[in-house]
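From a predicted model like this one, the values you see are computed outputs, not experimental measurements. The figures that follow rest on heavy atoms only: side chains count, while hydrogens, waters and symmetry mates do not.
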Amino acid sequence: MTDAATRARAHELADEEDRRAGVVTREARPDELAGALARFDATWGAGRSVDLASLKAIAHAGNTVLVAVLEKGRADAAGELADPADPPLGAALGFLGWDGGLHVHSHMNAVDPAARGRGIGVALKLRQRAICLDHGVDEIRWTYDPLIRRNARMNLVRLGAEVAAYRPDFYGELRDAISRGDRSDRFEVRWRLTSPRTAQALERMPQPAWHAEGGLPLVADFEAVRAADAETAAALRAASRDAFAALADGRLRPELDASGDYVFTADDPDREA
């Protein structure tokens, strides 16, 4: 069990990120689950996430179904929605897993497009971390599209998660509102919640200059490329598959350099700058 001081600091960090983002993050109330589902549907498309009955069961079992709502001063009351069925500014969904050790799999993290750039996604992750530590869970895992630079930066740099595996076509063919028929290649990350790496990231300490043994440059906005030019996006995806072949034996893992491009390194993930 994580010590009390570490758990208290986890909630302090989550509260600080809430204030920066102008929201309150917390577990969703039962009457807010329809709104959380509406936020997921608005992000991925209706019927592309979970249904309400499943979401209710997941929440009832004690998993992390979280919302981000307006802070006091931007709504009628702190942490309240005008109508609980309205979509919140952000919502997150995670559930317990035990393959390779007990962890929470953070499956969805959705933010209103009009509110992006405020740090709401990070705030939800930090609240999820604090809740996990309260319940004796010290690892969270999730997947992300490795070609989306802003997600890579959030996951690897801002939060201090690390890539555990490259999983080509992890979800099969996706035709949701985000993927648009693109291949579902993903990096699976593990967030060791009390590791030196995570502590350094969350306390905003400088990132190490990783020793590179290869890498992959990223375009600034792959999602915009995919929406405008499917052929170019497909070529970038194919090139990434070739580059990520260097990670197959597990000796190297990808990190981001100061320019926001991948470098492949064998450095200790917990090394200091």
Could you walk me through whether T265 and E255 satisfy the side-chain hydrogen bond (donor to acceptor under 3.5 Å, both in side chains) test, starting with their C-alpha distance in whole Å, then the side-chain angles of each, then the deciding distance to 0.1 Å, before giving a yes or no?
CA-CA 7 Å; T265 184; E255 298 281 2; over 6 Å; no

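- Other cluster members for V263: W210, joined by side-chain heavy-atom distances under 4.5 Å among Ile, Leu, Val, Met, Phe, Trp and Tyr.
- Atom CG of L96 is separated from atom NE2 of H105 by 12.0 Å, given to the nearest 0.5 angstrom.
- Here E188 pairs with R167 under the salt bridge (Lys or Arg N to Asp or Glu O under 4.0 Å) rule; sequence neighbours left out.
- When only modelled atom types and interatomic distance are considered, D138 and H103 share no side-chain donor-acceptor pair under 3.5 Å.
- Remark: D31 pairs with R29, P84 by the side chain to side chain contact (heavy atoms under 4.5 Å, CB included) rule, at least two apart or across chains.
- Taking A59 as the reference, L33, V65 meet the side chain to side chain contact (heavy atoms under 4.5 Å, CB included) condition, with sequence neighbours excluded.
- For N151, there are no side chain to side chain donor-acceptor pair (under 3.5 Å) partners at least two apart in sequence or on another chain.
- Not counting sequence neighbours, the partners of T194 by the side chain to side chain contact (heavy atoms under 4.5 Å, CB included) test are T2, T6, L133.
- For D267, the salt bridge (Lys or Arg N to Asp or Glu O under 4.0 Å) test picks out R271, with sequence neighbours left out.
- Within the structure, salt bridge (Lys or Arg N to Asp or Glu O under 4.0 Å) pairs that include any residue of residues 207-218 comprise E213-R251 (at least two apart or interchain).
- The side-chain heavy atoms of R129 and T64, taken from C-beta on, include no pair separated by under 4.5 Å.
- Legend: residues meeting salt bridge (Lys or Arg N to Asp or Glu O under 4.0 Å) with R158, ordered by chain and number and at least two apart, are E17.
- For the salt bridge (Lys or Arg N to Asp or Glu O under 4.0 Å) test, residues two or more places apart in sequence or in another chain that qualify with R127 are D15, D18.
- In terms of modelled atom types and a separation under 3.5 Å, the side chain of D261 and the main chain of L218 share a donor-acceptor contact.
- Taking P30 as the reference, nothing meets the side chain to side chain contact (heavy atoms under 4.5 Å, CB included) condition, with sequence neighbours excluded.
- Every ring-ring contact (aromatic ring centres under 6.0 Å, His included) that Y166 has, sequence neighbours left out, goes to F187, F244.
- The backbone N or O of A92 lies less than 3.5 Å from no partner atom in the side chain of N109, so there is not a single donor-acceptor pair.
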